[in-house]
Structure formats: C-alpha cells, structure tokens
Amino acid sequence: MNTRHAQLVLAVVREGSFTAAAKSLFVTQPTLSRQLAALEDELGHLLYQRNRKGIELTEQGVILRRYAESILALADKAEEEI
C-alpha cells in the first residue's frame, strides 16, 4: 500500500460512495474502482461492501482506514520537517 492507495481509501470513506470519491479526486469512477480492486487483490480481502446507502467498510477495511490515516499523517509530518 502506498500513499495514493491511502488517499483513495479515505476518499471513499469520507464521500460515502465511489462516484463521489472519484469526483473529489478528479478521476473517473472506473479508474478508482480498478485501483481499489487491485488493492483488494493485493491484500487478499474485500475492503468495502456496497449497499443501497452507498458503501460500508468490512472489518479489514476499518483496519486499513486506520493505517491509511496514519500513513498520510506521517507523510505530511515528513514533508513539514524536511
């Protein structure tokens, strides 16, 4: 997982849907979906469940969200210190 993956994961959580997350990141929805599907394949777990209300994180998705937040916070801190 890299910082871009972390941004994607958090955008989906923040926006509540793949479509809204894609718009906020200025990418197409299929591009976002492919990138997150590739991350799920890499990790070997589903991160989201789609339902009528949008998306819901799986147990693994909740864990990954915490790490994504930490990764981006550390990246920001490193940039500030440098």
Quick one: side chains of residues 68-82, donor-acceptor pairs under 3.5 Å with protein atoms, not counting sequence neighbours, listed by atom name and distance.
residue: Ser70; atom: OG; partner: Arg66; partner atom: O; Å: 3.2

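When hydrophobic clusters are built by joining Ile, Leu, Val, Met, Phe, Trp and Tyr residues whose side-chain heavy atoms come closer than 4.5 Å, directly or via intermediates, Val27 is grouped together with Met1. Residues Leu10 and Ile63 do not share a hydrophobic cluster, clusters being chains of Ile/Leu/Val/Met/Phe/Trp/Tyr side chains in contact below 4.5 Å. In this structure, Leu43 is a member of the same hydrophobic cluster as Val13, with clusters built from ILVMFWY side-chain heavy atoms closer than 4.5 Å. One hydrophobic cluster, built from ILVMFWY side chains closer than 4.5 Å, holds both Val62 and Leu36.
Side chains of Arg65 and Leu57 form a contact here, defined as non-hydrogen atoms less than 4.5 Å apart. Side chains of Arg4 and Leu8 form a contact here, defined as non-hydrogen atoms less than 4.5 Å apart.
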Exercise. Mind running side-chain contact (heavy atoms from CB on, under 4.5 Å) on Leu64 and His45 for me, showing each step along the way?
Key: CA-CA 11 Å; Leu64 187 61; His45 292 282; over 6 Å; no

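Taking a 6.0 Å sphere around CD of Glu42, one finds it holds more than 12 heavy atoms contributed by other residues, nucleotides or ligands.
In this structure a side-chain-to-backbone donor-acceptor pair under 3.5 Å is present from Glu40 to Leu47.
The heavy-atom pair separating Leu32 from Phe18 by the smallest distance is CD2-O, 3.2 Å. Closest of all the heavy-atom pairs between Ala20 and Ser17 is N-OG, 3.0 Å. Taking both residues in full, the closest heavy atoms of His5 and Asn2 are given as N-OD1, 2.8 Å, listed atom of the first, atom of the second, then distance.
Taking Gln29 as the reference, Ser33 meet the side-chain hydrogen bond (donor to acceptor under 3.5 Å, both in side chains) condition, with sequence neighbours excluded. Thr31 pairs by the side-chain hydrogen bond (donor to acceptor under 3.5 Å, both in side chains) definition with Thr28, Arg34, not counting sequence neighbours.
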